[in-house]
Structures are given as structure tokens and as C-alpha cells.
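Proteins get letters first, then strands, A, B, ... in listed order; numbering begins at 1 in each. Given the structure is predicted, the values throughout are model-derived calculations rather than measurements.
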Amino acid sequence: MKPVLQVKNLVKRFGALTATNDISFDLHEGESLALIGPNGAGKTTIFSQIMGELRQSEGSIHLYDEEISHLKPAARIKRQVSRTYQVPRPFAELTVLENIRIGHMPNSIWSMLTQQPDLDYERELANKVGLAEADHQRTPAELSMGDLRKLEMARTMATDPKVMLLDEVFAGLTTAEVAQISDLILQMRADGMTFLVVSHDLPALKPLVDTAIAINQGQEIARGSFNQVLADPAVLSSYLGEV
Amino acid sequence: MKLIETKHLIAWAAFLLVLALMPMFVSNGTLRIFIFANFLAVFAISWDVLSGRTGYISFGHPFLIGIGVYATAIMSKRFGVPVEYSIPLAVLVTMLGSVLVFLPALRVKGSYFALVTLAFMELAYQLVQVIRPDLTGGTRGIFGIKTITRGAENGYYMSMCLMFGIAFVSWLVMRTQLGTALSALGMQEESVEGSGKSTTKLKLAAFLMSAFIAGLGGAFYAHYVGAIAPRTLFDINFLFTIIVAVLIGGSGTIIGPIIGAFFLTFLLEFLRPYLPGAGRYFIYGGIALLLYMYQPKGIYSIVDKLIKRWRGGAV
Ligand SMILES: Nc1ncnc2c1ncn2[C@@H]1O[C@H](COP(=O)(O)OP(=O)(O)OP(=O)(O)O)[C@@H](O)[C@H]1O
Ligand SMILES: [Mg+2]
């Protein structure tokens, strides 16, 4: 079977710093891959290159067998890959439902003008990520960090992706909220969603992924099953400097 | 969500009624002030549709309005084109001109963008003097442009219909998903992109809408006053009057720029006997500043709060 997402020999240089150093991986439909590594390892930078927010220095990115490197973010999202942001950047003066609406509305000016927003869909999605009915008309300033993460999930899901890149979706969440988001991810996996997940919360990550790639200073240092990678000496020592 | 709710329709109908009955209650002199207020409201809405929503602050609006003014004036005065054609054509030319202002918005943001657009206004002022002064009238401008109204009442109804029509249609547009997306662009451009929407297309749409309104307002204005001079048109005072009207009234709304335009026009008129000349502009600058410090969202939000409090008390 052809991979859904194929990253080949990806390199990203910021001046003298090589933030991504020859990273390659395939992601198959329904698969869930974790990208782990210490702070500054280059995880978010890989996401940004897949989404087209950063242009890679070298290497290729294929989505459904199509080279997408020349495409703008909006065009990639249209091809059904979408990401959450490590630091959620919601639309401050829009309500929760309107925030979701931005993700869900069509990308044609004419359709934006003529199509009514799908309120039922917006409510359903908000409920699905665990945003209470009372929060639907609130603005982001009135939400907790946990709720902001849920909103970020919902906004991303609203773009109708088949491949989701999740960047630190558990950061700042309570144990109960971690469980809630984990359930949601598991449910989406059961429905066939393909995931690339970045998280520092390794225990939370474990039940969600099939395989993992550990990176440090932009380079791959280990890959395999999640447990295998965690037990790898190189991975252990890369995390030693942390905490 | 319905696009139009009954309570909104009632509010708009009441507004229209007040505007329509105005000539019965005020003198012709006051009516003439209202005419200028109507035009300023049109320009303020035009500015707000672009800058108030998307956050791209335009200092170039006199440039856009000027294109509309000059285009119709030249067509009608120099080539005898009937106004039924010259006005729509002028609007079209203004929209084309706005693409020039749009291009820098693809690269620069914030104050840099504002400064680039300011350059357009100054450039236009210089250009009308050197390029084909036989058409533009050079520094002296163009006189004897065909007027389309006669008398204060006639002029008032023309300007009022124009203003009301533009306000209502803009309000409708801003209530659609496009309006939501444009506001979102002003709050977090990156997240709009990250939500799969082309920010380039959205920005272009905002520029074209803003230019449509500016061109329409400018063209009708030319055929109302019948004379134009480049120094009063491509003028920093004119620019600031538009922006202050929006800020005083409340940006990001339709009614805000209208309130601001009316308030400002009458304020300037009231101050005229006491402070002739440019001194008046200091006063309104001061008022704008005070209001901005006290209530950055403008008069509209003060009124809105009062109404809500009054309603809350009544229930
Ligand atoms: N736009 C940029 N310009 C210059 N350097 C950058 C840029 N973006 C990231 N970097 C650098 O690239 C490296 C990798 O950053 P990245 O954010 O991808 O790490 P990360 O693995 O996501 O870290 P964290 O776990 O803290 O989120 C860091 O050294 C960072 O400082
Ligand atoms: Mg990161």
C-alpha cells in the first residue's frame, strides 16, 4: 500500500543551524506515528515544513503520491492534511463556534458570501472535543488552557483532514482532560484518521501510537515501536538534559 | 443563524425613516451639513471594511477616493461621457487602482503598510500636476463638473440613499462567513492561513470592496460639488477625518463609522465660528484621543452598553 504522507531526506537550515537534518519517514493510512525528542530537537519545524509554513532547504514531501512542496498552506489543507499549533492562536474576538467556523467554511470568496454557516456541525464538533454548551458563545479570553487546546483541536478538525499533525496537544491539560483528548484521538483512529503526534507527555502518548521516531538536534536517533524507542540508550541520554 | 433577524430589520427601517424625514425638521443649511456627513460616512465605511476588519491600516484612502473623483470628472467634463456611464466606469477604475495598493499588502504589514499607502496619496497629488494637466486641470483641479442634484433637499436625498444603500449592503456582507473571515484575518492572519483559507484572496476581496465603496462615494461626490481641487482631496486632513470618524464611532461595525462621521461633521461645523481654519482639527484630534483612551471601541460601544444596561434594568 502507498503511504499517505511521505517525507524524504528533509533538511531545513536556519543560517548555521540545521534544524532538520535528513529526516525521512512514511505514514500509512490509519497509522499513528509519534515524533519525540527534547526541547529544540526540531519537531515543530518538521510540522511547519509539511504544512508549507516553512519551505525546506532540501528533500521532498509527498501527500497521496503528489509532491506538495510548491503548494501554499491553504492548498495543502485542501488536500486534507492539517495541524494543531503548539501555542494555540485563536481568533480573540470571535466566539468558540465562530473560531470553528473559520476552519470549516469554504475557501472560495463566493461560497463564503452565499453559504450559510453550518451551526449544527459547529456545535457537534465543539461537543465532540469536550467544549461545554456554555462555552460555545464564549471568546477565547474566557477559556482555560485546556479548553483552548480543545478549541485548537476542533478548529483543525473543522478543516476536514485525513492526516492530522498534533503538536503538544496535552500541554497544560489536567489528567481528566488528557484522558478526554486521548479518547477523542482513539475514536478518530478507529474511524481511520492518520496521525503524526508530538508530545512531551510520553505516558499519554503510548496508547495512541504504533511507532515512534526520536530526534535530537534535527537528526533521527532511533525509530521502531514506541517501547523500543523509549528504551534506546541514545534516546535516554538525549532526554537526560531535560527537566 | 439567520442572515437578517426581525429586530435588525426594525432597526434599519427606523434608521431609514429618521433619515428620510430629516428634511422636514431641519433647515436647508443643516441639511447641507448632513450631505457632507453622508459622504464622510460612505468614506468611513469604505475605510472600515478594509482596515477595521483586516487590520491593514490604509493611509491611502484619499488616493482611492481620488481615483473615483478624477475618473468620473475627466470622463464627464473632458469627453462628455454621460454620468450613467462615467460613474460605474469610475468605480471600476478605482477597483483596478486598489490592486496597486493591494500589492504591498502581500509583503508588508502594520505601520510599514500604512506608510506605503500614504506614499500612494502623495504620489497621486504630484502626478495629477505633471501628467496631462490638460485633463486633470493640474494644481487648480477641475471646475464645472456636471452636477446631478439641485438644491439642498435634492442633494440630501441623493447622498442619504447612497449612504444608506452602502451601509445596508456592507452590513449584509459582513454578516456572511466572508465577514467573519475578514475579521479573523485582522485578529490572527497566520491562523486563517492555518485554517486552510487563502489570505491573499481574502485581502484582495477586502481591498476590492473598500475600493468599490470609495469609488462610488468619490464619483457621486464629484457630481454633487461640481468642482475638485487636488490639494483638498489628496490631503492628510481629509485622511485623518476619515480615520478619526471610524475610531470615534467604533471600528469593525457599520453603524460606528456612520455615527462617527455625523458626530465629526457636526462638531467641525459647530467649531467653525470659534476656530476658523486648521485649528479645529486639533480639537477633534483631542476628542478622538480622549475617547480612544476612555473607550477604544468608540461611541457605538458606549451606546450599545447603555442600551443593554437600560434593557437589563427594564426586565
Ligand atoms: N524560524 C526560525 N528561525 C530560526 N531558528 C528557528 C526557527 N524556528 C525554529 N528554530 C530553531 O530550530 C530548532 C528547532 O526548533 P523546533 O521548534 O522545531 O523544536 P521542537 O522540537 O518543536 O522544540 P519544543 O519541544 O521546545 O517545541 C530550535 O533550535 C529553534 O530555535
Ligand atoms: Mg515544538
So T200(B) and K72(A), side-chain contact (heavy atoms from CB on, under 4.5 Å) or not? Walk me through it. CA-CA 11 Å; T200(B) 307; K72(A) 289 189 157 194; 3.6 Å; yes
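- Nearest heavy atoms, A74(A) versus E193(B): N-OE2, 4.1 Å.
- Looking only at distances, a side-chain donor or acceptor of K197(B) sits under 3.5 Å from a matching main-chain atom of G103(A).
- A distance of 11.5 Å separates CD1 of I102(A) from CD of Q188(B), quoted to the nearest 0.5 Å.
- From M112(A), atom CE reaches atom CG of L202(B) across 4.5 Å, with rounding to the nearest 0.5 Å.
- Atom CZ of F212(B) is surrounded by 12 or fewer heavy atoms from other residues, nucleotides or ligands within 6.0 Å.
- Note that NZ of K201(B) and OG of S108(A) are 6.0 Å apart. Values are rounded to the nearest 0.5 Å.
- Using a 4.5 Å cut-off between heavy atoms, M51(A) does not touch chain B at all.
- Proximity to chain A is absent for every atom of T199(B), based on heavy atoms less than 4.5 angstrom apart.
- There is no contact between K78(A) and chain B, counting heavy-atom distances below 4.5 Å.
- Across L113(A) and V173(B), no two heavy atoms sit closer than the pair CD2-CG1, 3.9 Å.
- The parts of P106(A) that come within reach of chain B are both its backbone and its side chain, each placing non-hydrogen atoms under 4.5 angstrom from that chain.
- Top candidate by heavy-atom pairs under 4.5 Å with chain A, chosen from G186(B), A205(B), A181(B), is A181(B).
- Rounding to the nearest 0.5 Å gives a distance of 10.5 Å between CG of N99(A) and OG1 of T180(B).
- Residue Q177(B) comes nearest to R101(A) through the heavy atom pair OE1-CG, 3.3 Å, listed as atom of the first residue, atom of the second, then distance.
- Summarising the local packing, OH of Y121(A) is surrounded by more than 12 heavy atoms from other residues, nucleotides or ligands at distances under 6.0 Å.
- Side chain of T159(A) to main chain of S195(B): no donor-acceptor pair is present (N/O by atom type, distance under 3.5 Å, no hydrogens or angles).
- The number of heavy atoms from other shown groups lying within 6.0 Å of OH (Y85(B)) does not exceed 12.
- Taken from CZ in F91(A) to OG in S183(B), the straight-line distance is 10.5 Å, to the nearest 0.5 Å.
- Residues L94(A) and A184(B) come closest through the heavy atom pair CD1-CB, 4.0 Å.
- Using a 4.5 Å cut-off between heavy atoms, R155(A) contacts chain B through its side chain alone, with no backbone atom that close.
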